[in-house]
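Data first, discussion second: the structure below is written as structure tokens.
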Amino acid sequence: MEEYPFQAIEEKWHLKWNESGLGRVQEDPAKPKYYCLVMFPYPSGSNLHMGHVRNYTIGDVIVRYKLMQGFNVLSPMGWDAFGLPAENAAIKNGIHPHEYTRNNIAVMTRQLKALDLIYDWSRELATCDPEYYRWTQWLFLQFYQAGLAYKKKNPVNWCDTCKTVLANEQVIEGACWRCKQPVGKRDLEQWYLKITDYAQRLLDDLAKLKKWPERVRTMQENWIGRSEGVEFKLRIDGTQRDLEVFTTRIDTVFGVTYVSVAPEHPILTELLACKPEGTLVAEFAEKVKLESEIERASTAKPKQGMDTGLRAINPATGEKIPVYAADYVLMEYGTGAIMAVPAHDQRDFDFARAHGLPVKVVIRPEDRDLDPAGMTEAFVADGVQVRSGAFDGLPNRAAMTKIAEWMEQQGIGRRVVNFRLRDWLISRQRYWGCPIPIVYCQKCGQVPVPEDQLPVTLPLDLTYQASGMLESSEAFVKVPCPRCGQPARRETDTMDTFIDSSWYYLRYASPRDANRVFDPTAVNYWMPVDQYIGGIEHAILHLLYSRFFTKFLHDRGLLPFDEPFAALFTQGMVLKDGQVMSKSKGNTVAADEMVGRFGIDTTRGFILFAAPPERELEWVDQGVEGIFRFLRRVYLFYQRWQEAVRPAGAAIPADLGETDRQLRRKTHQTIRRITEDLDQDFKFNTAIAAMMELVNALTGLPEPGAAGAPHPAVMRESLDALARLAAPFFPHLGEELWAMLGGAESVFKQPWPRHDQAIAAEELVTVVVQVNGKVRSRLELPPRTPSAEVERLALADERVAALAEGRKPKKVIVVPDKLVNVVF
RNA sequence: GCGAGGGUGGUGGAACUGGCAGACACGCUAGACUUAGGAUCUAGUGCCUUUGGCAUGCGGGUUCAACUCCCGCCCCUCGCACCA
């Protein structure tokens, strides 16, 4: 049996590439650069599975393609190495997180290297390395100096399983993003980064990210959650205190029948201190606080609330209305208090019905008025103002502006913009993270660690314990105050690991620079990232944080650009039995097993061919052999032809026969198709299909030397192109095919093939003949046959004539080179 | 509820600005070569009542022509969700 010795071929090129180091790059102003980055992994220590392989292969195909297009390609790899799993493993197995992480990095490095992916390993970095986190700390100090890193006491998300606080972005449906356990609230003093200062720019600049998926941009837009409205004050009757509310529907202000405040709103404790309601409200607030995030956020649950006994005065109408404490009002958003308009807000409507509060209609549909008693739901659509004083009769959209202006003139309220985005809580009560470079001194207070004393090193000689590990290290905690020299204490919280990953793409430009966070020349050469590749799960978290960091550094004058990733590609996940392939689900297909059976090229090819890369891929091994057979067919074909097509450089004669012309056409069409597929959204699956079509055409031809066999120079042209086209997808085979054709240097140093439009053009086109829109016949015509001629030929067609039954056509439509439709 | 994406043969998936639906594969069927076939090669393969008819989630519409455009539904995936 003829063989395709894939193991020997892959082994051979594995060794050659290791020697030549294809991935190693330097800044070269003479060459156009291309920075291709796959999101760096957390070194989990599990074996690489098909999900990983898909991820890295997508990046690798792009890297190899861009190399062949003549770009100076940067493709680095590193490790998002801090994090909780290392601590959990330490508790379970008694291995120090540092050792655990280092071991995992070693294991994963070996596995990645076995896949022969192109990386510049000389730039490898790990966020847990003091030479890296020194600059993470330096960046924290930049935020601190700019007043954007601050500490405050606030109710925060607390995961009791992970024993740490979480950022808003890390709470998914009320549960911890990592361990999926419900998240509670705690009042704690914590460090924050003031990302809210950048809310508007983070929103506006989404428009610049034209090469990002729409989906991700929308998710960020929703997360930032900008809303325009009016903030105004209501005097609390009988006091000198005002209650401030925020509304996006100021047009409904004449329909306010009560106000709702968050149960924990400070005005309640203040004004009810000595009243009987005070105790009841406090009890209610306590009850609400105990509810988990999930319970409180559930829209299905009936809204709870109670009358506080306080009365507020609506500045628009002068009416006195009750103040309710209600669990559906959130202290964190707006002012923590709302004006309630039951007639025009469903939540207020539900609450009013449950508590017997009045409903006042102030906006009616165009054609009729509404009777509050007959309403079963709030009227939230646009309409016309009624019972709204001077604004009656206006369309409500117009009234919105008018009322806001009136309130501003009267000094009652003002127009404001609110964001849903919260400041980024970055403290973590964990050991295995980047220490926050702050010292607390009795005399000087909060003191940042001076830059020349960085890094604040994580002590490694500790016995691991479940919590409070850093606090227990006297050597770490007890330090002299950097300012006054008196005994002081270090901050023992570490930073959220998302801080580490918010700037790593910058460090790759100059990973060994010991004096600076990055070398400006190198960063300016490589950045921004031309193509970023990663999972959709980072659509908000990592991608929003990285954009924030870049904008901040831009404002500090450290970067000339203010968006880090020019193009983003989110690859689909690999599923098995309907679930994401992951170690914890136990449904993985191991990479090394697949590679052992079929080789790297087949494994890559199968993953790339099975589905478009952005789509989810349900793993079924059936079909792997299809790719294997294809690669074998290609290899055997080159074996049969390699002697006949050598040496290179034989001229292609001008007077070729039909077979040769067809082969050249197919070759040039394939070059065109694959190049287009790679350029538009990485359509690897159809690119491979195009390659298969070419191979099907080739293998259908007579053998070398046989009668009717293609001209060797023409075959040479095909095989030369095919070797290059195949190389990014099937790198080992690509190199081998190139060598079989006599190529001395690596195929990846060869230019990407170009098609010739004239050769790719068809000599005859099929024009479909339709009668009343149904295909009845076909014509083979030279391209650009005049419409009149096409019409004549169509009408002369015997099938058409038969269907005509003597009638004259009502209409004939000709689409040049495509179709003719005869309508009777 | 809001937002985004999706629904095409037995399966994964193709189809440019509306112009031959099902490329390319998998699987299946038959045949060849074989002691053998889970190897390889060849042919066939959307469905049906086959000079034709019906088919791209369902129902309408626009058009000479609709997977593609418009209107109304259904289902699936993801994100956000009492944000005032």
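Proteins get letters first, then strands, A, B, ... in listed order; numbering begins at 1 in each. No hydrogens, no waters, no symmetry mates; every other heavy atom, side chains included, goes into these values.
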Quiz item: Can you check the Arg673(A) CZ to rC24(B) P distance for me, whole Å?
Solution: 9 Å
Quiz prompt | Heavy-atom protein contacts under 4.0 Å, nucleotides 60-71 of chain B, coded B base, S sugar-phosphate only, - none | solution = ----B-------
Quiz item: Starting at CD1 of Ile607(A) and ending at P of rG12(B), how long is that distance when rounded to a whole Å?
Solution: 18 Å
Quiz prompt | Residue pair Leu541(A), Trp223(A): steps toward the side-chain contact (heavy atoms from CB on, under 4.5 Å) verdict | solution = CA-CA 10 Å; Leu541(A) 289 156; Trp223(A) 186 260; over 6 Å; no
Practice problem: Sticking with atom C1', work out how far rU40(B) lies from rC47(B), rounded to a whole angstrom. | Solution: 32 Å
Self-check item: Closest listed nucleotide, where the reference is the side chain of Trp223(A) and the choices are rA81(B), rA21(B), rG19(B)
Solution: rA81(B)
Quiz item: Is rG9(B) in the syn or the anti form, by the rule that syn lies within 90° of 0?
Solution: syn
Practice problem: Report the base-pairing partner of rU77(B) (Watson-Crick or G-U wobble, both distances below 3.5 angstrom), or none. | Solution: rA4(B)
Practice problem: Classify the nucleic acid contact of Pro213(A) as base, sugar-phosphate or nothing, counting any heavy atom under 4.0 Å across all strands shown. | Solution: nothing
Quiz item: Considering only the P atoms, how many Å lie between rG1(B) and rU49(B), rounded to the nearest integer?
Solution: 43 Å
Quiz item: Checking all strands, does Gly225(A) fall into the base, sugar-phosphate, or nothing category for heavy-atom contacts under 4.0 angstrom?
Solution: nothing
Quiz item: Salt bridge between Glu780(A) and Arg778(A), side-chain N to carboxylate O under 4.0 Å?
Solution: no
Quiz item: Between rG79(B) and Thr218(A), is there an OP1 or OP2 to side-chain N/O distance shorter than 4.0 Å?
Solution: no
Quiz prompt | Side-chain N,O (Lys683(A)) to OP1/OP2 (rA15(B)) below 4.0 Å | solution = yes
Exercise. For Ser260(A), report the nucleic acid contact type (base, sugar-phosphate, nothing); a contact means any heavy atom under 4.0 Å.
Key: nothing
Practice problem: Using the C1' atoms only, state how far rC58(B) lies from rA23(B), rounded to an integer number of Å. | Solution: 28 Å
Practice problem: Let me know the distance between CG of Leu541(A) and C1' of rG79(B), rounded to the nearest Å. | Solution: 12 Å
Quiz item: Nearest-Å distance, CZ (Arg422(A)) to P (rC80(B))?
Solution: 15 Å
Quiz item: With respect to the side chain of Thr247(A), which nucleotide from rA84(B), rA23(B), rA25(B) is positioned closest?
Solution: rA84(B)
Quiz item: How is Lys810(A) classified with respect to the nucleic acid when contacts are heavy atoms under 4.0 Å: base, sugar-phosphate, or nothing?
Solution: nothing
Practice problem: Could you please name the option among rG79(B), rC54(B), rA25(B) that lies closest to any side-chain atom of Phe609(A)? | Solution: rA25(B)
Quiz item: Where the side chain of Asp327(A) is defined as all heavy atoms beyond and including C-beta, which of rC82(B), rA4(B), rC24(B) is the nearest nucleotide?
Solution: rC82(B)
Quiz item: Counting only heavy atoms not in Arg353(A), do more than 12 sit closer than 6.0 Å to its CZ atom?
Solution: yes
Practice problem: To the nearest Å, give me how far apart CD (Glu780(A)) and P (rC20(B)) are. | Solution: 15 Å
Quiz item: Is the ring centre of Phe6(A) less than 6.0 Å from the ring centre of Phe628(A)?
Solution: yes
Practice problem: Give the C-alpha distance, both sets of side-chain angles, the deciding distance and a yes or no for side-chain contact (heavy atoms from CB on, under 4.5 Å) between Met331(A) and His265(A). | Solution: CA-CA 7 Å; Met331(A) 193 61 224; His265(A) 198 290; 3.9 Å; yes
Quiz item: Between Glu693(A) and Ala337(A), who's closer to the 5' end of RNA chain B by nearest nucleotide?
Solution: Glu693(A)
Quiz item: Which part of the nucleic acid, if any, lies within contact of Arg799(A), taking any heavy atom under 4.0 Å across all strands shown: a base, the sugar-phosphate backbone alone, or nothing?
Solution: sugar-phosphate
Quiz item: Contact class for Asp350(A) (heavy atom, under 4.0 Å): base, sugar-phosphate, or nothing?
Solution: nothing
Quiz item: From rC82(B), rA25(B), rA84(B), pick the nucleotide closest to the side chain of Ser227(A)?
Solution: rA84(B)
Quiz item: Salt bridge or not for Glu228(A) and Arg415(A), using N-O below 4.0 Å?
Solution: no
Quiz item: Roughly how far apart, to the nearest Å, are rA55(B) and rG22(B) at atom C1'?
Solution: 11 Å
Self-check item: More than 12 heavy atoms from other groups under 6.0 Å of NZ on Lys360(A)
Solution: yes
Self-check item: Asp677(A) CG to rA23(B) P, straight-line distance once rounded to whole Å
Solution: 17 Å
Practice problem: Taking only the side-chain nitrogens and oxygens of Arg629(A), find out if one of them lies under 4.0 Å from OP1 or OP2 of rC26(B). | Solution: yes
Quiz item: Taking for each residue the nucleotide of RNA chain B bearing the nearest heavy atom, is the 5' side occupied by Lys774(A) or by Gly626(A)?
Solution: Gly626(A)
Quiz item: Under 4.0 Å between a Lys/Arg side-chain N and an Asp/Glu carboxylate O for Glu789(A) and Arg792(A)?
Solution: yes
Practice problem: Quote, to the nearest angstrom, the P distance that separates rG18(B) from rA25(B). | Solution: 29 Å
Quiz item: Counting only side-chain N and O atoms of Asn696(A), is one of them less than 4.0 Å from OP1 or OP2 of rA25(B)?
Solution: yes
Quiz item: Would you call the rings of His542(A) and His538(A) parallel, tilted or perpendicular if under 30° counts as parallel and over 60° as perpendicular?
Solution: perpendicular
Quiz item: To the side chain of Met692(A), which of rC24(B), rC20(B), rC82(B) is closest?
Solution: rC24(B)
Self-check item: Complementary nucleotide for rA43(B) - Watson-Crick or wobble, under 3.5 Å
Solution: rU29(B)
Quiz item: Given the P atoms of rG53(B) and rA65(B), what is the spacing between them in whole Å?
Solution: 16 Å
Quiz item: Hey, is the side chain of Arg615(A) poking within less than 4.0 Å of OP1 or OP2 on rC78(B), counting only N and O atoms?
Solution: no
Practice problem: State which of rG53(B), rC24(B), rA84(B) makes the closest approach to the side chain of Arg776(A). | Solution: rG53(B)
Quiz item: Got a salt bridge between Lys683(A) and Asp681(A), using NZ or NE/NH1/NH2 to carboxylate O under 4.0 Å?
Solution: no
Quiz prompt | Atom P, compared across rG7(B) and rU56(B): separation rounded to whole Å | solution = 14 Å
Quiz item: Which of the following nucleotides, rA84(B), rA81(B), rG79(B), is nearest to the side chain of Phe246(A)?
Solution: rA84(B)
Quiz item: Are OP1 or OP2 of rC24(B) and a side-chain N or O of Asn685(A) less than 4.0 angstrom apart?
Solution: no
Quiz item: Can a donor-acceptor pair under 3.5 Å be found between the side-chain atoms of Arg420(A) and the base atoms of rC80(B)?
Solution: no
Quiz item: Can you tell me if the side-chain N/O atoms of Arg632(A) get under 4.0 Å from OP1 or OP2 in rC41(B)?
Solution: no
Quiz prompt | Whole angstrom value for the distance that separates C1' of rA25(B) from CZ of Arg633(A) | solution = 11 Å
Quiz prompt | Nearest-neighbour nucleotide for the Tyr333(A) side chain, rC20(B), rA23(B), rA84(B) considered | solution = rA84(B)
Quiz item: Is the CD atom of Glu625(A) crowded by more than 12 outside heavy atoms at less than 6.0 Å?
Solution: no
Quiz prompt | Between rA84(B) (C1') and Arg226(A) (CZ): distance, integer Å | solution = 16 Å
Quiz prompt | Rounded P spacing from rG57(B) to rG9(B) in Å | solution = 8 Å
